[in-house]
Enquirer: 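Please see the structure below; I have some questions.
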Amino acid sequence: MRPLLICDCDEVLLHMVRHFGVWLGETHDIDFTPNGGDFSTSMTRRDGSPAPAREEMWTMLNQFFPAEMDRQTLVPHAREALAALSGSADIVILTNLQDQCRQPRIEQLARFGIDHRVECNQGGKGGPVAQLVAEHGNPVTVFVDDLAVHHDSVARHAPQVHRLHMISEPALAPNVPKAPAAHARIDDWIEAEAWIAARFAAGQPAA
């Protein structure tokens with residue numbers, strides 16, 4: 001049985017916030033300074049009017065995905081790490097986007113040379129991760145994501161999964177502490193590949 005890697009996309013495989021910020025400035029005249037919290041608290045209108053409410057922030061995200069996804073760029077070493085790990089493991093990209101974004105995300109990743117199964121999700125990732133693990137026969141599994149809330153969800157629904165917290169955006173990573181429910185925090189794919197490969201080689205579930 002091959003081990004399983006379940007990997008997020010935005011700020012793990014592809015840069016997103018830097019390009020979302022540029023688009024906000026161009027399209028909505030908003031300055032965006034991500035602080036590791038709610039995106040709406042990172043937005044400032046250049047005309048001095050009140051910042052967007054959380055509901056408006058979600059509307060803007062839905063305008064960015066999938067229409068502006070071509071702006072996104074590849075995180076260094078991500079493609080090479082997945083290629084190496086795929087020699088011995090199955091890989092699923094679990095991305096929190098609306099279902100209509102699944103095919104655009106598949107095509108987007110393929111343009112970067114990343115050709116693996118993609119599943120969209122809304123809400124916590126623990127349930128979907130548990131389902132994927134069961135579908136693959138309960139192999140040794142590693143989960144990689146940038147958001148602490150998803151590590152907590154996976155810890156509750158699939159505690160046997162190794163959890164790696166990764167934030168590949170240098171402007172964001174220093175402001176965000178390690179997710180309490182993650183087993184490790186690594187923001188670089190060269191080091192992360194070695195950590196994941198070691199979990200697979202050991203062949204043991206998370207403690």
Side-chain angles (χ1 to χ4, degrees), residues 5-28 30-44 51-52 54 57-58 60-83 85 91-98 101 104-105 108-109 111-114 116 118 120-122 124-125 142-154 163-196:
L5 173 61
I6 302 174
C7 189
D8 185 29
C9 184
D10 296 312
E11 305 315 332
V12 173
L13 300 177
L14 301 180
H15 290 296
M16 179 268 177
V17 294
R18 61 177 66 174
H19 304 294
F20 182 58
V22 170
W23 174 80
L24 283 173
E26 293 174 354
T27 308
H28 295 284
I30 289 174
D31 288 325
F32 182 63
T33 307
N35 56 17
D38 192 316
F39 275 8
S40 62
T41 66
S42 302
M43 297 181 183
T44 304
R54 202 161 189 272
M57 177 270 292
W58 282 111
M60 293 173 182
L61 278 171
N62 288 332
Q63 291 171 347
F64 186 84
F65 292 108
E68 302 294 331
M69 287 168 63
D70 283 348
R71 294 173 177 259
Q72 292 186 262
T73 51
L74 185 65
V75 167
H77 312 295
R79 175 178 53 223
E80 294 82 0
L82 290 195
L85 292 166
I91 297 176
V92 178
I93 311 302
L94 182 61
T95 182
N96 261 30
L97 291 175
Q98 297 298 314
C101 294
R105 174 121 287 177
Q108 176 192 38
L109 288 169
R111 288 193 292 272
F112 289 114
I114 297 175
H116 299 289
V118 173
C120 288
N121 177 67
Q122 299 86 44
K125 290 187 177 180
V142 173
F143 171 73
V144 185
D145 203 283
D146 66 314
L147 295 181
V149 64
H150 294 314
H151 287 283
D152 181 68
S153 180
V154 171
R163 299 176 296 279
L164 175 60
H165 188 196
M166 174 184 287
I167 301 176
S168 295
E169 174 50 62
L172 185 60
N175 302 319
V176 182
K178 172 184 170 292
H183 295 105
R185 167 71 179 269
I186 303 172
D187 297 330
D188 171 77
W189 265 108
I190 294 177
E191 186 180 349
E193 178 192 338
W195 189 91
I196 294 166

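Keep in mind that the numbers below use all heavy atoms, side chains included, and drop hydrogens, waters and symmetry copies. This is a predicted model, so every value here is computed, not measured.
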Enquirer: Can a donor-acceptor pair be found between the side chains of R111 and Q108 at a distance below 3.5 Å?
Expert: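 No donor-acceptor contact under 3.5 Å links the two side chains.
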Enquirer: Between Q122 and L97 (side chain of the first, backbone of the second, donor and acceptor by atom type, cut-off under 3.5 Å), is there such a pair?
Expert: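 Such a contact is found between Q122 side chain and L97 backbone.
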Enquirer: Could you go through the salt bridge (charged side-chain N to carboxylate O under 4.0 Å, His left out) check for R163 and D145 one step at a time?
Expert: CA-CA 8 Å; R163 299 176 296 279; D145 203 283; over 6 Å; no
Enquirer: Would you say that R185 contacts I167 through its side chain, given a criterion of any heavy-atom pair below 4.5 Å between the two side chains?
Expert: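 Of all side-chain heavy-atom pairs linking I167 with R185, at least one is under 4.5 Å.
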Enquirer: Using side-chain heavy atoms (C-beta onward) and a distance below 4.5 Å, is F143 in contact with D8?
Expert: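 With C-beta onward as the side chain, the pair stays apart.
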Enquirer: Distance check, rounded to the nearest 0.5 Å: T27 atom OG1 versus M60 atom CE?
Expert: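 Result: 9.5 Å between the selected atoms.
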Enquirer: Closest heavy-atom contact between W195 and V142?
Expert: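 Nearest pair, atom of W195 first, then V142: CZ3-CG1, 4.0 Å.
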Enquirer: Mind checking whether I93 and V118 have side chains closer than 4.5 Å, heavy atoms only?
Expert: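 Counting from C-beta outward, I93 and V118 do come under 4.5 Å.
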Enquirer: Give a yes or no on whether a salt bridge exists between K178 and D187, defined as a side-chain N under 4.0 angstrom from a carboxylate O.
Expert: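 No, K178 and D187 are not salt-bridged.
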Enquirer: As a test of understanding, state which of H15, R105, H19 forms a side-chain hydrogen bond (donor to acceptor under 3.5 Å, both in side chains) with Q72.
Expert: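 Testing each of H15, R105, H19 against Q72, the sole residue satisfying side-chain hydrogen bond (donor to acceptor under 3.5 Å, both in side chains) is R105.
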Enquirer: To the nearest 0.5 Å, how far apart are CE in M69 and CZ in F20?
Expert: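 One finds 13.5 Å between CE of M69 and CZ of F20.
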Enquirer: Between atom SG of C9 and atom CE of M16, what is the distance when rounded to the nearest 0.5 Å?
Expert: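 C9 SG to M16 CE: 10.5 Å, rounded to 0.5 Å.
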Enquirer: Without swapping roles, check the side chain of E169 against the backbone of R18 for a donor-acceptor pair under 3.5 Å.
Expert: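 Checked: no pair found.
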Enquirer: Within the distance-only criterion (no hydrogens, no angle test), does the side chain of K125 pair as donor or acceptor with the backbone N or O of S153 below 3.5 angstrom?
Expert: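 It does not hold such a pair.
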Enquirer: If you compare all heavy atoms of I91 against all heavy atoms of L82, which two are closest, and at what distance to 0.1 Å?
Expert: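 Heavy-atom minimum between the residues: CD1-O, 3.5 Å.
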Enquirer: Using a 3.5 Å distance criterion without hydrogens, assess whether the side chain of W23 forms a donor-acceptor pair with backbone atoms of Q63.
Expert: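 Not confirmed, W23 side chain does not pair with Q63 backbone.
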Enquirer: I'd like to check the ring pair (Phe, Tyr, Trp, His ring centres under 6.0 Å) partners of H165; sequence neighbours left out, ordered by chain and number.
Expert: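 With neighbours one apart ignored, the set is H151.
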Enquirer: Taking salt bridge (Lys or Arg N to Asp or Glu O under 4.0 Å) as the test, write out the residues that go with E68, two or more places apart.
Expert: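 Only R71 meet the salt bridge (Lys or Arg N to Asp or Glu O under 4.0 Å) criterion with E68.
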Enquirer: In Å and rounded to the nearest 0.5 Å, what is the OG1 to CG distance from T95 to L109?
Expert: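 Spacing of OG1 (T95) from CG (L109) equals 8.0 Å.
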Enquirer: Could you grab the distance from atom CG of L14 to atom OG of S168, nearest 0.5 Å is fine?
Expert: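 So the gap between those two atoms works out to 9.5 Å.
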Enquirer: What distance separates H116 NE2 from I114 CD1, expressed to the nearest 0.5 Å?
Expert: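 Here the interatomic distance stands at 7.0 Å.
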Enquirer: Check whether any side-chain heavy atom of D146 sits under 4.5 Å from a side-chain heavy atom of D10, and report yes or no.
Expert: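 Result no, sub-4.5 Å side-chain heavy-atom pair not found.
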